[in-house]
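Take a look at the structure below.
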Amino acid sequence: MYQVHSVAPHLLPQLLREMPKAELHIHIEGSLEPELIFALAQRNGVTLPYANVEALRAAYAFTNLQSFLDIYYAGASVLLHEQDFYDMAWAYLQRAAADHVVHAEIFFDPQTHTERGVPMATVINGLHRACVDAQATLGVSAQLILCFLRHLSEEAALQTFNEALPFKTKFIGVGLDSSEVGHPPEKFQKVFALAHAHGLHLVAHAGEEGPPAYMWSALDVLHVERIDHGVQAVHDATLMARLAKDRTPLTVCPLSNQKLCVFPDLKDHNIGQLLDAGLCVTLNSDDPAYFGGYLNDNFLQTFAATGLTAQQAYVLASNSFEASFVPEVQKNQWLHALKQTFQKFADQD
Ligand code: ADE
Ligand code: ZN
């Protein structure tokens with residue numbers, strides 16, 4: 001492992017901002033800022049159950065995952081046309097570029113839209129066009145991951161997958177999100193096997209609020225390559241050893257966990273424990289418009305609250321490239337740029 005030279009404490013925030021990084025756990029619908037929700041509502045003639053931006057923001061006081069999801073799905077109801085999906089993704093990608101995100105693997109929830117009568121083509125083409133423009137204009141590489149809503153049936157997921165198949169070149173994998181408890185991964189065994197047969201990458205949310213058993217079935221029944229969240233793994237020593245041995249990445253989202261009351265306070269987050277156990281942890285924003293921060297906000301606030309070090313900053317950024325679904329040559333180029341950034345900050349000591 002690359003040894004980071006000591007970085008003066010007052011330089012750590014700037015290092016966190018400037019270091020190149022990948023974001024692997026961002027729901028694009030969770031990047032819809034209240035201002036854009038209201039602008040799209042007006043453009044599309046959609047009536048919202050909130051008087052204005054301030055009233056909507058005031059409702060962002062969550063007690064658990066479900067209390068958030070209810071508002072998140074309401075916010076997504078303003079998305080109707082291809083340009084709406086483009087505008088949402090483009091706004092996120094500009095924010096990501098400002099945070100020195102060089103690569104993003106972006107979740108989208110097609111069922112949230114197709115259930116309202118929005119065609120699959122509208123959703124995927126709008127998002128994909130923004131990803132293409134991000135590479136050309138911002139130098140940010142961006143890929144899409146299609147998520148199934150786990151509170152719906154596997155039949156619905158299979159139908160969604162079949163509707164998405166004509167656009168298979170426009171997404172790189174499938175994931176599993178929405179209400180976790182009561183909807184274990186094994187419910188989606190068939191659709192994940194089908195996605196694998198089509199050469200797609202596999203990821204799933206597990207161990208956010210749900211038990212370690214859901215992480216075991218994500219690994220052993222769905223055969224996922226990464227687990228999204230996974231913070232409940234600390235309650236199962238055998239699982240921790242397995243994750244460390246296989247270097248299965250956990251895409252951890254501290255501000256999300258704080259806002260959804262998974263931990264009482266950011267200082268109580270177990271990211272340090274997961275890193276100390278040698279797990280391939282990455283840091284991510286989940287739903288930045290709802291949880292009070294994009295990727296650099298997550299880095300800055302988590303490091304300030306938990307006392308993570310510059311060496312751990314390097315590990316998190318390096319893990320984000322290792323865990324990404326890009327070719328090795330590309331990973332090595334980003335790792336080289338990461339080391340150069342650390343060198344620059346060490347030299348200022
Ligand atoms: N969809 C959007 N954000 C989510 C989260 N944190 N957990 C599960 N599903 C989600
Ligand atoms: Zn998530």
Side-chain angles (χ1 to χ4, degrees), residues 22-33 37 60-77 79 85 88-89 92 96 104-113 115 123 127 144-152 156-157 160 173-185 187-188 201-211 214-215 218 222 224-233 249-263 266 269 271 281-295 297-298 302 320 323:
E23 171 137 72
L24 306 178
H25 185 161
I26 154 83
H27 301 263
I28 202 61
E29 294 88 350
S31 75
L32 257 186
E33 293 287 348
I37 291 178
Y60 292 1
F62 312 116
T63 50
N64 57 21
L65 175 57
Q66 193 59 51
S67 65
F68 153 69
L69 289 171
D70 294 340
I71 291 186
Y72 162 85
Y73 294 129
S77 70
L79 298 159
F85 291 90
M88 169 173 66
Y92 163 70
E105 294 179 8
I106 301 173
F107 295 140
F108 69 108
D109 288 340
Q111 288 159 296
T112 301
H113 315 298
E115 281 210 323
V123 178
L127 297 177
L144 298 171
I145 296 179
L146 181 159
C147 282
F148 302 114
L149 298 181
R150 69 201 304 161
H151 67 273
L152 301 178
T160 298
V174 301
L176 186 63
D177 64 3
S178 191
S179 323
E180 184 182 12
V181 174
H183 302 285
K187 182 175 157 187
F188 296 91
H201 289 290
L202 308 178
V203 301
H205 282 54
E208 178 182 13
E209 288 182 341
Y214 286 19
M215 296 179 66
L222 300 188
V224 299
E225 298 159 81
R226 298 196 297 246
I227 290 184
D228 298 309
H229 292 294
V231 292
Q232 302 303 333
L250 301 187
T251 62
V252 171
C253 309
L255 282 181
S256 163
N257 293 152
Q258 181 201 2
K259 293 295 183 329
L260 301 187
C261 306
V262 174
F263 297 95
L266 204 52
H269 199 283
I271 188 166
V281 176
T282 72
L283 200 135
N284 307 273
S285 69
D286 205 9
D287 300 285
Y290 291 89
F291 300 147
Y294 287 80
L295 190 48
D297 303 310
N298 270 271
T302 303
S320 75

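Remember, it's 1-based here, ligands and their atoms both numbered in the order they're listed.
- Checked by atom type and distance alone, the side chain of H27 never pairs as donor or acceptor with a backbone atom of E29 at under 3.5 Å.
- With values rounded to the nearest 0.5 angstrom, D297 atom CG is found 14.0 Å from F291 atom CZ.
- With 2.8 Å as the limit, C253 does not count as an N, O or S neighbour of the Zn ion (ligand 2).
- Classified by interplanar angle (parallel below 30°, tilted 30° to 60°, perpendicular above 60°), the ring pair Y290/Y60 is tilted.
- Using cut-offs of 30° and 60° on the angle between ring planes, the pair H229 and H25 is perpendicular.
- Going from atom CG of L255 over to atom CG of L266 covers 6.0 Å, rounded to the nearest 0.5 Å.
- Screening D286, D287, N284 against S256 for a side-chain hydrogen bond (donor to acceptor under 3.5 Å, both in side chains) leaves a single residue, D286.
- At a 4.0 Å heavy-atom cut-off, the residues surrounding ligand 1 are H27, L65, F68, L69, Y72, D177, S178, H205, E208, H229, D286, D287, listed by chain and number.
- Between the NE2 atom of H25 and the NE2 atom of H205, the angle centred on the Zn ion (ligand 2) amounts to 100° when rounded to 10°.
- For D286, the N/O/S atom at the shortest distance from the Zn ion (ligand 2) is named OD1.
- Rounding to the nearest 0.5 Å places CG of L202 at 5.5 Å from CD of E225.
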